[in-house]
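First the structure, in the form of structure tokens, and then the observations on it.
Any value given below was found using the heavy atoms of this structure, including those in side chains, with hydrogens, waters and symmetry copies removed.
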Amino acid sequence: MHEEEVLGKAYDARLMKRLLRSLKPYRWHVALGIILSVLVSAMEAVRPYFTKVAVDVNIAQQDKHGLLMTTLLFFAVLVVRGVIQFFSAYLTQWIGQRTIFDLRMQIFEHLQKLGLKFFDKNPIGRLITRVTNDVEVLNEMFSSGIVMVFSDVFTIIGILYFMFTMNWQLALISLSVLPILFYATFLFRKKARESYRDVRLQVARINTFMQEHITGMVVDQIFNREKKSYQKFSDINAAHRDANIKSIFYYALFYPGVELIGAIAVGLIIWYSGVEAIGGAITLGTVMAFFQFNEMFW
């Protein structure tokens with residue numbers, strides 16, 4: 001059994017610790033990236049609050065000057081957020097590219113120290129996949145994944161803070177569909193993980209087959225094996241295609257499902273806030289802000 005086919009744990013803390021060591025030379029850059037991402041998250045979470053202030057305070061009191069000040073402040077926040085987001089995106093991608101470069105060099109250095117027996121047992125195409133495709137898969141984790149975890153967490157915390165501060169009953173109503181989302185995410189994670197393992201396996205098989213048959217093309221032609229090799233490659237290529245289509249199917253099923261769950265949350269907000277608004281227990285600005293918070297949350 002090839003090691004691509006050996007299934008490991010969904011999350012391996014020991015392996016993750018080894019991978020995170022690659023970020024050690026850039027730990028201060030990562031810290032700065034986290035700070036910038038948290039700032040962006042804070043400015044993102046505060047946006048709907050400006051809507052509430054503009055509607056419930058400035059417009060309700062017919063305060064044109066106050067409305068202008070709120071608008072200008074909102075615009076200033078967006079400009080500052082855009083500048084910080086630029087530096088944050090550039091820095092995180094810079095960290096990812098540097099880390100991937102170091103990792104590839106470490107793997108190549110390790111390959112140079114291995115004995116000839118290792119290369120006799122392992123197809124060259126599969127080793128090339130290790131250095132190219134498999135390392136590139138880690139790029140997203142190093143470039144944005146680790147930093148964005150902090151950003152997303154702080155964004156969600158900010159959204160929940162404002163929602164519960166404005167109206168905790170409406171906040172609970174809008175979040176009541178979360179158990180459905182958690183269950184859908186659990187199923188998607190399991191199926192997508194299996195499909196991507198298969199995709200990765202098929203990529204390794206294609207690279208192995210191509211390396212062996214291109215370097216051994218003379219042998220294929222001498223023994224007139226072109227048609228057999230073509231058919232074998234067609235089968236491997238078809239397996240790769242089917243594996244990708246399978247992963248696409250899960251994405252095509254999951255994301256519309258999330259949209260549907262989010263739409264249910266919007267429906268609940270409309271129903272509850274409408275009833276409360278009729279009785280005068282909730283303001284229009286709060287309802288508008290909740291719609292924005294709900295969209296950001298999902």
Can you hop from [X] to [Y] via hydrophobic side chains spaced under 4.5 Å?
X    : Y    : answer
V55  : F162 : no
V77  : V53  : yes
F182 : I156 : yes
L178 : L187 : no
M217 : F209 : no

(message) Please determine whether salt bridge (charged side-chain N to carboxylate O under 4.0 Å, His left out) holds for the pair K113 and E109, giving the CA-CA distance in whole Å, both sets of side-chain angles, and the decisive distance to 0.1 Å.
(response) CA-CA 7 Å; K113 296 177 182 179; E109 182 183 18; 3.8 Å; yes
Under a plain distance cut-off of 3.5 Å, with no hydrogens placed, do [Y] and [X] share a side-chain donor-acceptor pair?
X    : Y    : result
D235 : Q231 : yes
Y272 : N167 : no
Q202 : D198 : yes

I need the [X] [atom1] to [Y] [atom2] distance, nearest 0.5 Å.
X    : Y    : atom1 : atom2 : value
K117 : K121 : NZ    : NZ    : 4.5 Å
Q61  : L67  : CD    : CG    : 11.5 Å
R81  : L39  : CZ    : CG    : 12.0 Å
D56  : L284 : CG    : CG    : 7.0 Å
I282 : L170 : CD1   : CG    : 5.0 Å
L73  : L78  : CG    : CG    : 10.0 Å

Considering only distance and modelled atom types, tabulate donor-acceptor pairs under 3.5 Å from the side chains of residues 286-298, sequence neighbours left out.
from	atom 1	to	atom 2	distance (Å)
T286	OG1	K52	NZ	2.9
T286	OG1	T283	OG1	2.8
Q292	OE1	T51	OG1	2.7
N294	OD1	W298	NE1	3.0

Keeping the roles fixed (side chain from [X], backbone from [Y]), state whether a donor-acceptor pair exists under 3.5 Å.
X   : Y   : answer
R98 : I95 : no
S88 : I84 : no
S41 : S37 : yes

How about [X]: does its [atom1] atom have over 12 heavy atoms from other parts shown lying under 6.0 Å from it?
X    : atom1 : value
Q62  : CD    : no
F87  : CZ    : no
Y49  : OH    : no
W94  : CH2   : yes
F154 : CZ    : no
R225 : CZ    : no
Y161 : OH    : no

(request) Begin with the C-alpha distance, continue with both residues' side-chain angles, and end with the deciding distance and a verdict on side-chain contact (heavy atoms from CB on, under 4.5 Å) for K191 and E194. (result) CA-CA 5 Å; K191 295 297 183 180; E194 293 172 355; 4.1 Å; yes
(message) Between H213 and F233, does the side-chain contact (heavy atoms from CB on, under 4.5 Å) criterion hold? Intermediate values first, please.
(response) CA-CA 10 Å; H213 283 74; F233 180 74; over 6 Å; no
(message) If I compare all heavy atoms of G33 with all of L91, which pair ends up nearest, and what's the gap?
(response)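 Closest heavy-atom pair between G33 and L91: N-CD2, 3.5 Å.
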(request) Specify the closest pair of heavy atoms between G66 and D63, including all atoms of both residues, with the distance to one decimal. (result)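 Scanning both residues, the minimum pair turns out to be N-OD1, 2.9 Å.
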(request) Answer whether the closest heavy-atom distance between the side chains of M69 and L72 falls below 4.5 Å. (result)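 Yes, at least one pair of side-chain atoms sits under 4.5 Å.
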Contacts under 3.5 angstrom, residues 243-267 side chains, donor-acceptor by atom type, not counting sequence neighbours:
from	atom 1	to	atom 2	distance (Å)
N244	ND2	H240	O	3.1
N244	ND2	H240	NE2	3.2
S247	OG	N244	O	2.6

(request) Determine, step by step, whether T71 and F75 satisfy the side-chain contact (heavy atoms from CB on, under 4.5 Å) criterion, reporting the C-alpha distance in whole Å, the side-chain angles of both residues, the deciding distance to 0.1 Å, and the verdict. (result) CA-CA 6 Å; T71 304; F75 179 72; 5.6 Å; no
(request) Any chance you could lay out the side-chain contact (heavy atoms from CB on, under 4.5 Å) test for F101 and M105, step after step, and finish with the verdict? (result) CA-CA 6 Å; F101 173 83; M105 296 306 298; 4.0 Å; yes
